[in-house]
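FYI, side chains are in, hydrogens and waters are out, and symmetry mates aren't considered; it's all heavy atoms of this structure.
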Amino acid sequence: MVATVDISPREAEVLELVGQHLSNAEIGARLFISVRTVESHVSSLLRKLEVPDRRALAQRAPEPAGAGPSHPAPVLPAPLTSFIGRVSERAELTEMIKAHRQVTAVGPGGVGKTRLALMVAADAADAYADGVWFVDLVPVTDPRMVAAAVAGALGLGEQPGRGMTESVVAALADRHALLVLDNCEQVVDGVALFLERLLAACPRVTVLATSRARLMVPFERVYPVPPLSLAVDGEADAVALFMERAAAVGWPLDPPLRDQIASICERLDGMALAIELAAARYPTLGLDGITAALSHPLRMLTGGSRAEDRHRSVRAALDWSHALLEPADRALLRRVSVFVAPFTAAAAAEVAGGEEGMVADGLARLAEQSLLVVTASPGGTKYRALETIRQYGTERLAEADELVETRSRHLRWCLAKAADLAVVGADWRARFDAVADDLRAALAWAADKAEQRADACRLARCLAELTFTRHLVGESQGRFEQAAALADDPAAAASMLRHAAAVAGCRMHGDDMYRLHRAAAEAARRAGDTAGAACDLATIATNAYRFLGKFARKLPSEETVALIAQARELAGEDPAAQATVALAEAGRALNDAVGAVQGQPDNSVAETIARAERAVELTHRAGDPLAESAALDVLTGALSWAGDTFAAAATARRRIMLLSSTPNTPAATHELIEALGEAAEASLGTGDLPGARRWARQLADHPLLAEVGHRAMSWLLVADALAGDVDQVLTGSVRFLDAWRRAGSPARSALGPAVAAVLMIHSLRDDHDARREWGTVLDQFGTPPEHTYGYGAVFDAMLLLHHGQAAEALERMASEPGEVWKWVTWIWLHWYVALRAEATVLAGSPDARDRLAEARTIVAGNPVAGAIVERAGALLAGDQEALLATADAFDAAGCRYQSARTMVLAGGEHAVRGMAALAGLGLAPMAPAPRTSER
């Protein structure tokens, strides 16, 4: 009978999404809850389902998806064998982690460090409010990947602009949690560096590590894990373990045999793994046979410390257990040792050689002898070897002179798996995660072998592309750089470096973009591709202008000028290179133009636009859609600076259409993310709220921004706030604020409009607590010109007008539109002018008619701003019919708030309906309309 546990409906939803291998941030975005709430549900599920880590939890997700409380998940014992004894060790180690922030359980392989650590973590779980998290470092072959492994266990994805270590530290900074790092020995240097940063920044995090050697880090306290107790008098843990494991395979032992069992355990020095291997042989050898098998090899153990003796005890047990295998099973054991992750019988057949059915039988026999562990998964039965046994098998592989041949087959298997993963399907993440560790291990081996260099380069490139698709962008950049280093052809190296630069752009690491394009230019020169080198150098200059906020070191103007000159010299007659140089020159011209309040006097609007248009034409002729997209970006900026709002919006839409058919490469992804934000902005500027929300929604849903919800949601919050979709703002603001805080509360100016929009909505709702919270957030952004004259003036004016404070609204927008810096008000200009005209009318200003005439000219063609101006005109003229007509115009434009506001301004029964509409939106009542019509 399978046990069941009580899983809440919300936990069932979280479990299903964990099964889809989503990060906590992605789950939070799907369910509209905070990341911290997701963490609590995951921690609860780990306890309820009695599994050690997130990977095991994913295997417990319902299949097919959609299980709820009526279909509780089965509880399988995990680990699959019971824990025996170690009462005093558990108590001692539990006390140590209470008293010290970092404890390392040290001992030789097979002594039982992992099982002890898991039990201690379970015992201590209730003492840690934010959970216990287990990280198996066996599959980690690169010390630089330690933080990534921890992040995966915690359910963290990579945040663009941050490395994995920074993401983990930020996530745990205020947490009270226990982190268990298992099998640290093969990446001890990486663990040490990671822990130094973690423990310094996370004062309430405790780390329990297991390792064959101490980590030598600050705060470390070492707990030597002893062998199982061997005392004959009373209960001996070693004897109890032997008897329990023998009974588990169907051969219970009588108590009178305890003395003979104790003798065997003493020969094995109380080493848990050695005892389990011996117990697995009891059905075929009996106690006498085990004693005889152990006697000879153990007589060979002389000299050395007791710790070394114990290690040799495990080695001896492995030796005789291995010797008792049939030759085919010996070969199978050593050959499957190249797998670092659980593997199927089919995978074993490919790598070890042989027919799958025969291999499956062999794997079953190895599992019966406790040489392999069997695990169930949605994809079928999988096998894995404990790390000590895997290392033993690898040694045997070398002794049999099969290491290179077997690892080569494993490499070919990995290349085939990587090729299969090139097609992304519904279960792609799970399939990638299942083989990713083996891909990394195969690459680590092949990269050091000259004869495998070509395959290593192929696998590095495949892994770079796959990890980018998996949104492991830091690793992706590194793999592209590794592929470049492994490439024999400098042209291929240059291509890989350009991909790496594009990934760096997605990560918001402008300095890496600079470094990598420099390296690509050098590689292109070595390949004789001077045009390619020109493109790289010109791209550096263009990036310096387009992505200034991504650079830690701002490139001096003279350096970018020199880069453009050098690129122009190398470009020759090559059309693509000439187009890229023209793009860099256009970017420089635009940068110079907007460097002053109204632009440089010697750089006319017409000249700046002409340069950008020429870049668009040349990149289009060259047939490079990504370069053309960059040129359209520059043109959009030039048109915006010139005040041509509609042309800017049209150009931004043109850019989106161009990118919609490009392959999903890192460079295309980088361009698309930037383009979606620009298109949403530009649409807001023209009053195209449906368009703005469409582009903003695509940006919010882009998987690469899942971990940076504040960036993803920013323009959608603005569009929803202007439309009056209060529920959407309230829901989206949870994700924004949660992600913003997790990112360290960055005061980036681009986020200001979103914060101000949410603050306005809470103010319109009369939610004083929320208004205070978001006001504090907005205060951190200061008062840049964009707030003074752009979004700040618009949102403040909308709020003041809602409360009937027309004179105050007019004072807030006292600056004449022509006096306001174009660059900070370009998408806000129409809103500013329209609301200013309305405030003029409602405040009873004598120049209201002139202001209305001026406003009509400026906002002509903008459905929302135009309707605001027409409404003001109708109020001034006392034209009720014209006034009500604007309500229909607002509805058609997707602006429910302004429609309801119009009804209130109309007075009488209309006002009643308008107030009801405001209440339906979740907003507080607005002040009634003053008498404003001309007599």
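Taking 4.0 Å as the cut-off between side-chain N and carboxylate O, R507 and E158 count as a salt-bridged pair. Of the charged side-chain nitrogens involved, none lies within less than 4.0 Å of a carboxylate oxygen, so that R162 and E707 do not count as a salt-bridged pair. By the 4.0 Å N-to-carboxylate-O rule, R515 lies close enough to D512 to be salt-bridged with it. R461 and E465 are joined by a salt bridge, as a carboxylate oxygen and a charged side-chain nitrogen come within less than 4.0 angstrom of each other. Taking 4.0 Å as the cut-off between side-chain N and carboxylate O, D182 and K113 do not count as a salt-bridged pair.
Under the 3.5 Å distance criterion, with hydrogens and angles disregarded, a donor-acceptor pair is assigned to the side chains of R212 and T388. Counting only N and O atoms by type, the side chains of S745 and Q780 include no donor and acceptor under 3.5 Å apart. E387 and Q391 share a side-chain donor-acceptor pair at under 3.5 Å. Checking S43 against R47 by side-chain atom types alone, a donor-acceptor pair falls below 3.5 Å.
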What verdict does the salt bridge (Lys or Arg N to Asp or Glu O under 4.0 Å) test give for E26 and R429, after you've listed the backbone C-alpha separation in whole Å, the side-chain angles of each residue and the deciding distance to 0.1 Å?
CA-CA 13 Å; E26 290 170 318; R429 283 192 178 198; 2.6 Å; yes
Which pairs would a plain distance check flag for residues 436-446, meaning a side-chain donor or acceptor within less than 3.5 Å of a matching protein atom at least two apart in sequence or in another chain?
residue	atom	partner	partner atom	Å
D437	OD1	R440	NH1	3.1
D437	OD2	R55	NH1	3.4
D437	OD2	R55	NH2	3.4
D438	OD1	V340	N	3.0
D438	OD1	H410	NE2	3.1
R440	NE	E475	OE1	3.4
R440	NE	E475	OE2	2.9
R440	NH2	E475	OE1	2.8

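For W133 and Y128, the ring centers sit 6.0 Å or farther from each other.
L31 is listed as a side-chain neighbour of R10, based on a closest heavy-atom distance under 4.5 Å. At least one side-chain heavy atom of L57 sits under 4.5 Å from a side-chain heavy atom of L15. Within the 4.5 Å cutoff, the side chain of D174 has no heavy atoms near those of the R204 side chain. No side-chain heavy atom of V187 sits less than 4.5 Å from a side-chain heavy atom of D142.
The two residues A484 and L497 come nearest to each other via the heavy atoms CB-CG, 3.7 Å. When all heavy atoms of P666 and C506 are compared, the pair lying nearest together is O-SG, 3.6 Å. For the residue pair D6 and E11, the shortest heavy atom distance occurs at O-OE1, 4.1 Å.
With D53 contributing its side chain and V135 its backbone, the two residues share no donor-acceptor pair below 3.5 Å. The backbone N or O of N183 lies less than 3.5 Å from no partner atom in the side chain of D136, so there is not a single donor-acceptor pair. Formation of a donor-acceptor pair under 3.5 Å by the E220 side chain with backbone atoms of R214 is not found in this model. Under the 3.5 Å distance criterion, the side-chain polar atoms of R735 are matched with a main-chain donor or acceptor of A700. A donor-acceptor pair under 3.5 Å links the side-chain atoms of Q186 to the main chain of L137, judged by distance alone.
For the pair R101 and F219, the cation-pi test (distance below 6.0 Å, angle within 45°) is passed.
Relative ring orientation between F736 and H710 is described as perpendicular, the plane-to-plane angle rising above 60° on a 0-90° scale split at 30° and 60°.
Only one option out of R748, H702, Q159 pairs with R711 in a side chain to side chain contact (heavy atoms under 4.5 Å, CB included); it is R748.
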